[in-house]
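Here's the structure, in structure tokens; my notes come after.
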Amino acid sequence: MTNPNNISLNISHALEFIDGHALNIPTLKILSEDGDILDGATAPDLDKETALRIYSTMRFIRLLDERMQAAQRQGRISFYMQCLGEEAAITASAAALKQEDMIMAQYREQAALHYRGFSLEQFMNQLFSNEKDLGKGRQMPVHYGSNELHYLTISSPLGTQIPQATGYAYGQKLKHIDAQSGELSSEIDNVTICYFGEGAASEGDFHAGLNMAAVHKAPVLFFARNNGYAISTPADEQFKGDGIASRGVGYGIKTIRVDGADTLAVYAATQKAREIAVTTGEPVLIESIAYRLGAHSTSDDPSGYRTKDEEAEFKSNCPVARFKAWLLKQGWLNEEEDEVQKDKIREEILAALKVAEKIQKPALEELVSDVYDTPIPALQKQYEELKEHIKQHPDAYPITAGRIK
Amino acid sequence: MAKMNMLHAINSALDITMAEHPQACIFGEDVGYFGGVFRATSGLQEKYGKHRVFNTPLTEQGILGFANGLAAFGAPALAEIQFADYIFPAFDQIVNESAKFRYRSGNEFNVGNLTIRTPYGGGIAGGLYHSQSPEAYFAHTPGLKLVVPRNPYQAKGLLRACIKDDNPVIFFEPKRLYRASTGEVPEGDYTIEIGKAEVVKEGKDVTVLAWGAQMEIIEQAAAKAEEAGISCEIIDLRSILPWDAETIAKSVTKTGRLVISHEAPITNGFGAEIAATIQKECFLHLESPIERVCGLDTPYPLALEKEYVPDALKVFAAIKKSVEF
Ligand SMILES: Cc1ncc(C[n+]2csc(CCOP(=O)(O)OP(=O)(O)O)c2C)c(N)n1
């Protein structure tokens with residue numbers, strides 16, 4: 001029976017409350033820590049080429065993160081955030097999408113961007129905020145974005161991308177509306193994936209975004225990265241109940257939880273979720289469980305809030321090593337070649353860093369461009385006055401003075 | 001007296017408050033055991049327990065809604081917003097709720113026990129979202145008080161005054177100075193009156209006015225001006241709402257000139273309100289137009305931060321312009 005409250009009533013005569021922890025959503029795991037397919041599990045349909053591309057992306061991001069973390073320590077860049085521990089979750093989910101699907105990320109998802117084809121040079125230009133940075137040197141390091149690669153530029157305020165993803169996905173669906181009949185086609189080409197942390201899932205935007213997606217049927221894949229911490233706040237001080245997944249269920253959204261350190265599980269879940277979204281036009285929630293192996297960012301010191309023992313326990317469960325073990329067993333990867341590749345990438349990263357570091361900063365006019373489509377009169381006037389001021393004191397503004405006409 | 005940086009001074013003000021009132025609570029993102037990302041609340045959870053000093057889930061809207069409720073109950077609510085840039089998700093709770101609680105209920109209810117602390121301002125290579133100065137948005141809202149300290153001594157005395165004040169107050173902490181500014185601070189309790197500007201240095205040719213982190217900048221500019229034979233009267237506004245028009249008018253009546261500086265964009269920044277009021281109060285005493293040295297009307301950038309911010313050289317240029325008009 002359905003009543004006007006949109007609830008199918010299931011009448012009971014027992015005064016019984018459902019426990020807030022009653023849900024216990026299973027976690028999909030396919031690959032063992034040693035790289036074997038677990039009994040009863042089915043490996044997803046993953047071809048060799050895709051598998052190797054996933055692996056090389058994870059390896060590249062590890063090496064980039066390692067190098068740029070060090071570069072921040074040397075004072076060469078102001079800030080950095082690693083993907084450490086979540087490489088499998090991010091790369092495998094991105095790999096299960098189509099190149100034209102939209103990605104709306106939180107900030108720790110550089111692996112998805114690299115998988116799409118963001119080059120080493122492009123990473124470096126953003127990290128050094130030089131004049132080749134697509135974001136024109138306005139945002140902190142790691143706030144990447146690329147229209148060409150369908151990757152929305154990162155915004156620091158947490159959770160804001162979640163309702164945006166709902167709106168964008170709704171647009172992707174409306175693209176298929178029949179102008180004559182006003183009917184939607186049953187198949188959609190593209191979906192939006194929206195990544196966020198379990199911390200960001202506490203923001204109002206999360207609830208607004210999921211509810212609207214469910215009610216208005218937007219083909220968005222909500223990808224919750226439950227990595228145990230939001231800066232220093234452990235997950236048990238962030239939410240009660242059965243993780244973020246239970247919230248998806250609460251909003252009436254199809255939901256799955258996966259072992260986020262298991263490349264095959266994440267790939268299988270995302271592939272299936274995408275299929276659901278394109279065929280039904282509805283949202284899906286995936287909760288990935290993977291420990292944040294690194295610090296929150298270079299401004300953070302995790303020794304202030306978690307123990308070495310805890311970190312060591314999770315370090316032994318490395319998502320990259322696990323997938324590598326499987327690839328080796330498949331005979332798709334060769335240990336020696338892998339080492340040679342690693343060294344080569346390390347050298348390339350170092351070389352690219354040295355180049356990007358020397359490229360000049362954006363020109364003064366980039367300070368006032370893009371605030372509006374064209375600078376409004378007040379801003380134009382401020383810009384002229386600023387130019388005059390810099391011309392009079394060139395030594396005080398070495399980055400821009402030499403290039404002012 | 002003890003030598004403290006601004007974080008210690010704030011911590012000390014919070015500590016006194018927690019000891020004073022058994023229901024006072026400190027809450028916000030990461031403020032618990034970790035002591036906040038800037039460590040302003042270090043050691044307080046150990047001292048006062050998890051029930052009174054705690055991490056909140058990551059929801060500014062939730063923090064301020066909760067704080068409004070707790071303060072309405074009657075407990076001192078000491079809420080932290082991790083960066084002033086992230087106060088906007090809580091905008092509705094502050095502007096529509098905190099500010100109007102007393103008025104709309106005929107004082108049946110009020111949230112006078114609420115104090116919101118939040119680090120603001122640039123100079124830390126934080127880009128768009130870790131550098132904003134949002135004071136002007138709140139200055140347009142009757143029912144709130146806004147306070148900005150410039151050094152550790154001011155920070156402790158003003159924060160204690162904010163907490164004791166029977167109105168909701170936002171206390172903007174200049175994060176660039178958290179560790180950079182140190183000074184002698186009494187270990188015991190004291191307050192500094194809210195709503196009073198401070199004449200930091202007397203002078204006769206031009207009044208130079210700022211608050212918070214810009215104080216250091218205008219002091220550097222004034223030092224340059226002194227070398228050029230210009231005598232500056234330096235004023236710290238300290239409190240933006242209510243603001244001390246009287247002290248500023250008195251000074252400008254004497255000097256005949258005013259230079260105002262703030263980091264926030266110039267258009268509709270709080271400097272505009274000051275300029276309008278002072279030109280009315282001091283019209284016949286003004287020797288030159290009131291100058292404003294502020295952020296550009298753009299978001300706060302990263303790579304070209306130096307170009308964007310009102311630095312000492314820009315303030316000095318404005319002082320000269322004002323005097324040579
Ligand atoms: C609205 C807002 N509030 C606070 C912050 C500061 N902040 C940046 S990251 C972060 C923690 C995010 O944790 P989570 O979403 O779990 O992601 P994780 O870092 O664990 O990947 C906080 C509090 C912010 N960026 N935006």
Side-chain angles (χ1 to χ4, degrees), chain A residues 78-79 128-131 133 135-141 143 155-160 197-206 230-234 237-239 296 299-301 304-305 361-364 366-368 370-371 375-376 378-379 382-383 386 389-390 392-393 396-400, chain B residues 28-39 42 50 54-63 65 82-83 85-90 92-93 124-131 265-268 293-308 311-314 316-318:
Chain A
S78 57
F79 180 81
F128 282 96
S129 356
N130 66 32
E131 65 176 4
D133 165 21
K136 303 180 189 171
R138 292 171 184 149
Q139 292 216 75
M140 291 201 309
H143 287 59
S155 172
S156 309
L158 287 165
T160 50
E198 86 288 349
S202 296
E203 293 283 3
D205 276 346
F206 165 84
I231 310 189
S232 77
T233 304
E237 292 180 27
Q238 191 67 242
F239 58 79
H296 167 72
S299 308
D300 173 38
D301 174 13
Y305 55 85
K361 297 294 178 215
L364 188 68
E366 303 295 12
L367 200 49
V368 297
D370 302 328
V371 181
I376 60 171
L379 184 52
Q382 289 164 25
Y383 177 54
L386 176 62
H389 176 79
I390 295 176
Q392 279 169 24
H393 309 279
Y397 306 94
I399 289 178
T400 45
Chain B
E29 292 156 16
D30 300 290
V31 306
Y33 176 70
F34 192 45
V37 292
F38 292 103
R39 305 294 195 279
S42 278
K50 268 194 154 184
F54 50 89
N55 290 334
T56 60
L58 225 164
T59 165
E60 293 74 14
Q61 176 183 22
I63 294 168
Q82 198 163 79
F83 287 89
D85 310 71
Y86 305 133
I87 206 165
F88 296 112
D92 183 47
Q93 280 292 340
I124 58 148
L128 268 58
Y129 296 115
H130 297 86
S131 308
I266 188 164
T267 296
N268 264 309
V293 191
C294 305
L296 300 179
D297 286 349
T298 75
Y300 202 110
L302 183 81
L304 303 182
E305 182 165 353
K306 174 105 179 79
E307 281 72 6
Y308 173 85
D311 62 4
L313 200 52
K314 292 177 189 170
F316 175 53

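Just so it is clear, the structure is predicted and the values come from calculations on it, not from any experiment. So that the names make sense, note that chain A is the first sequence line, chain B the second, and so on, each numbered from 1.
Annotation for A:A396 and B:K306: closest pair O-CE, 3.0 Å, computed over non-hydrogen atoms. Minimum heavy-atom separation, B:L58 to A:A230: CD1-CB, 3.9 Å. Closest non-hydrogen pair, B:Y86 versus A:S156, comes out as OH-CB, 3.2 Å. The heavy-atom pair separating A:M140 from B:G126 by the smallest distance is CG-O, 3.1 Å.
Around OH of B:Y33, the count of heavy atoms belonging to other residues, nucleotides or ligands within 6.0 Å does not exceed 12. The 12-atom threshold is not exceeded at CD of B:Q61, counting heavy atoms of other residues, nucleotides or ligands nearer than 6.0 Å. Counting heavy-atom neighbours within 6.0 Å of B:N268 CG, excluding the residue itself, gives a total of 12 or less.
Only the side chain of A:L386 comes within contact range of chain B, judged by heavy atoms closer than 4.5 Å. B:A125 touches chain A through backbone and side chain together, each having a heavy atom under 4.5 Å away. Looking at A:A201, neither its backbone nor its side chain comes within 4.5 Å of chain B, counting heavy atoms on both sides. Proximity to chain B (any heavy atom under 4.5 Å) is shown, for A:L367, by both the backbone and the side chain.
To the nearest 0.5 angstrom, B:L313 atom CG is 9.5 Å from A:Q392 atom CD. Atom OG1 of A:T160 is separated from atom OH of B:Y129 by 7.0 Å, given to the nearest 0.5 angstrom. Atom-to-atom distance recorded for B:L304:CG and A:Y397:OH is 12.5 Å, nearest 0.5 angstrom. Rounding to the nearest 0.5 angstrom, the gap separating the CG atom in A:D301 from the CZ atom in B:R39 is 6.5 Å.
Here B:L302 is the residue among B:L302, B:T59, B:T56 with the most heavy-atom pairs under 4.5 Å with chain A. The candidate with the highest count of non-hydrogen atom pairs below 4.5 Å against chain B, out of A:G159, A:S299, A:S155, is A:S155. Heavy-atom pairs under 4.5 Å with chain B were tallied for A:S232, A:G137, A:S129; the largest tally goes to A:S232.
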Practice prompt. Could you please spell out the steps behind the side-chain contact (heavy atoms from CB on, under 4.5 Å) verdict for A:I399 and B:E307?
Written response: CA-CA 9 Å; A:I399 289 178; B:E307 281 72 6; 4.2 Å; yes

Discussion item. Run B:E60 and A:E203 through side-chain contact (heavy atoms from CB on, under 4.5 Å) and show every step you take.
Written reply: CA-CA 7 Å; B:E60 293 74 14; A:E203 293 283 3; 2.8 Å; yes

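Between A:E237 and B:K50 there is a salt bridge, with a side-chain nitrogen of the basic residue lying less than 4.0 Å from a carboxylate oxygen of the acidic one.
The side chain to side chain donor-acceptor pair (under 3.5 Å) check on A:Q139 picks up nothing, with sequence neighbours excluded. Scanning for ring pair (Phe, Tyr, Trp, His ring centres under 6.0 Å) contacts around A:Y305 gives A:Y229, B:F34, with sequence neighbours left out.
When atom types are taken as modelled, the side chain of A:Q382 and the backbone of B:D297 share a donor-acceptor pair closer than 3.5 angstrom.
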